[in-house]
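The analysis underlying the following values was restricted to heavy atoms, covering all of them including side chains, and did not include hydrogens, waters or symmetry mates. Count residues from 1 along the sequence. Quick caveat: nothing in here was measured; it's all calculated off a predicted structure.
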Amino acid sequence: MRTLVLGGARSGKSGFAEALLAGAPARYLATAVPDPADADFADRIAAHRARRPADWTTVDGADPVAALREPTLGATLLDDIGTWLTARFDARAAWDSPRGTLTPDCDALVCAVADYRQRLVIVSPEVGMDVIPATRSGRLFRDEIGILNQRLAAVCDEAFLVVAGLPLRLN
């Protein structure tokens, strides 16, 4: 079963995703790459770690495409697609590139998710419900994550939108 969990910032999406896997060992693919100079981000990462069960394995700075192709026991939680996509933009220096530049990266991720046969929960930000970003990079990210979320939803068995800590089943 593959589940996509969408939500805005501080919506409760990660906590809901973690609760879906409660009571069983899991592999946690953390896509964030900590910046030692960013104490606020380090605090966010620490808070996420503190609430995870002790029997979960965490893979920091995970490449989800490679990780989903590796055999593992138990469930996998991938948190989150937004930080992964941002890292792909950075790695390819693509913030000023045309839309679709990251399509090969996104294709590989969608294929890895579609091919994954164990329990998988994916967390991704829903950013398309706000004002149009004032910057080109903001609009680019919003458009690319929106398209990627649609593609992931199409290969998942279920999807939820979390708002104010409350999940709404989408399918």
Side-chain angles (χ1 to χ4, degrees), residues 2-18 28-49 58-68 76-114 116 120-156 158-168 170-171:
R2 293 174 302 263
T3 303
L4 178 62
V5 178
L6 302 164
R10 298 295 191 210
S11 64
K13 63 187 177 292
S14 291
F16 175 74
E18 291 164 7
Y28 188 100
L29 304 178
T31 61
V33 178
D35 176 356
D38 188 343
D40 180 63
F41 197 51
D43 290 345
R44 284 175 177 252
I45 291 170
H48 273 251
R49 279 191 184 150
T58 299
V59 180
D60 286 314
D63 170 5
V65 175
L68 292 176
T76 297
L77 192 152
L78 169 54
D79 194 357
D80 96 355
I81 298 302
T83 54
W84 173 81
L85 187 63
T86 299
R88 299 311 311 143
F89 271 111
D90 290 345
R92 292 192 180 270
W95 289 106
D96 293 317
S97 298
R99 281 169 175 68
T101 298
L102 297 182
T103 298
D105 298 277
C106 295
D107 289 349
L109 177 64
V110 172
C111 285
V113 169
Y116 198 73
L120 175 63
V121 178
I122 304 166
V123 177
S124 189
E126 175 52 60
V127 300
M129 300 171 79
D130 205 344
V131 298
I132 296 172
T135 63
R136 182 190 186 285
S137 59
R139 290 186 301 274
L140 178 64
F141 179 82
R142 183 213 45 202
D143 293 351
E144 295 294 327
I145 195 77
I147 292 165
L148 181 54
N149 283 343
Q150 290 179 53
R151 294 183 65 201
L152 289 170
V155 298
C156 285
E158 62 182 359
F160 292 87
L161 175 65
V162 180
V163 178
L166 301 172
L168 173 65
L170 299 176
N171 57 346

>> Go through it in stages, so that I can follow the logic: the residues are Leu102 and Leu148, the test is side-chain contact (heavy atoms from CB on, under 4.5 Å), and I'd like the CA-CA distance, side-chain angles, deciding distance and then a yes or no.
In response: CA-CA 10 Å; Leu102 297 182; Leu148 181 54; over 6 Å; no
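- Minimum heavy-atom separation, Val123 to Ala17: CG2-CB, 3.4 Å.
- Here the closest heavy-atom approach between residue Thr101 and residue Ala94 is recorded as CG2-CB, 4.0 Å.
- Here the CZ-CG distance, from Phe16 to Leu6, works out to 11.0 Å after rounding to the nearest 0.5 Å.
- How far CG of Leu168 is from CG of Leu170: 5.5 Å, rounded to the nearest 0.5 Å.
- The number of heavy atoms from other shown groups lying within 6.0 Å of CZ (Arg10) does not exceed 12.
- Rounding to the nearest 0.5 angstrom, the gap separating the CH2 atom in Trp84 from the CG atom in Leu29 is 13.0 Å.
- A pairwise comparison of heavy atoms in Ala159 and Asn171 identifies N-OD1, 2.9 Å as the closest pair.
- Minimum heavy-atom separation, Ser97 to Ala93: OG-O, 3.9 Å.
- The salt bridge (Lys or Arg N to Asp or Glu O under 4.0 Å) pairs that include a residue from residues 81-99 are Arg88-Asp105, Arg92-Asp105, Arg99-Asp143, where partners are two or more places apart or lie in different chains.
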> Does the pair Asp80 and Ser14 meet the rule for a side-chain contact (heavy atoms from CB on, under 4.5 Å), with working shown?
Replying inline: CA-CA 8 Å; Asp80 96 355; Ser14 291; 5.7 Å; no
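- Taking the six-membered ring for Trp and thresholds of 30 and 60 degrees, Phe141 and Phe89 have ring planes inclined between 30 and 60 degrees apart.
- When atom types are taken as modelled, the side chain of Glu144 and the backbone of Gly100 share a donor-acceptor pair closer than 3.5 angstrom.
- Side-chain atoms of Asp79 never come within 3.5 Å of backbone atoms of Tyr28 as a donor-acceptor pair (strictly under, hydrogens ignored).
- We find that Arg151 and Asp107 are joined by a salt bridge, their nearest charged nitrogen and carboxylate oxygen being less than 4.0 Å apart.
- Using modelled atom types, no side-chain atom of Lys13 and backbone atom of Leu161 make a donor-acceptor pair closer than 3.5 Å.
- Considering only residues two or more places apart in sequence or on other chains, Val113 meets the side-chain contact (heavy atoms from CB on, under 4.5 Å) condition with Arg2, Leu68, Leu109, Leu120, Ile122, Leu152, Val155, Cys156.
- Heavy-atom minimum distance, Gly82 versus Pro125: N-CD, 3.5 Å.
- To the nearest 0.5 Å, the span separating SG on Cys106 from CD1 on Ile145 amounts to 8.0 Å.
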> side-chain contact (heavy atoms from CB on, under 4.5 Å) between Arg142 and Ile132: does it pass, once the steps are laid out?
Replying inline: CA-CA 9 Å; Arg142 183 213 45 202; Ile132 296 172; 3.6 Å; yes
>> Walk me through whether Ile81 and Thr31 qualify under side-chain contact (heavy atoms from CB on, under 4.5 Å).
In response: CA-CA 7 Å; Ile81 298 302; Thr31 61; 5.9 Å; no
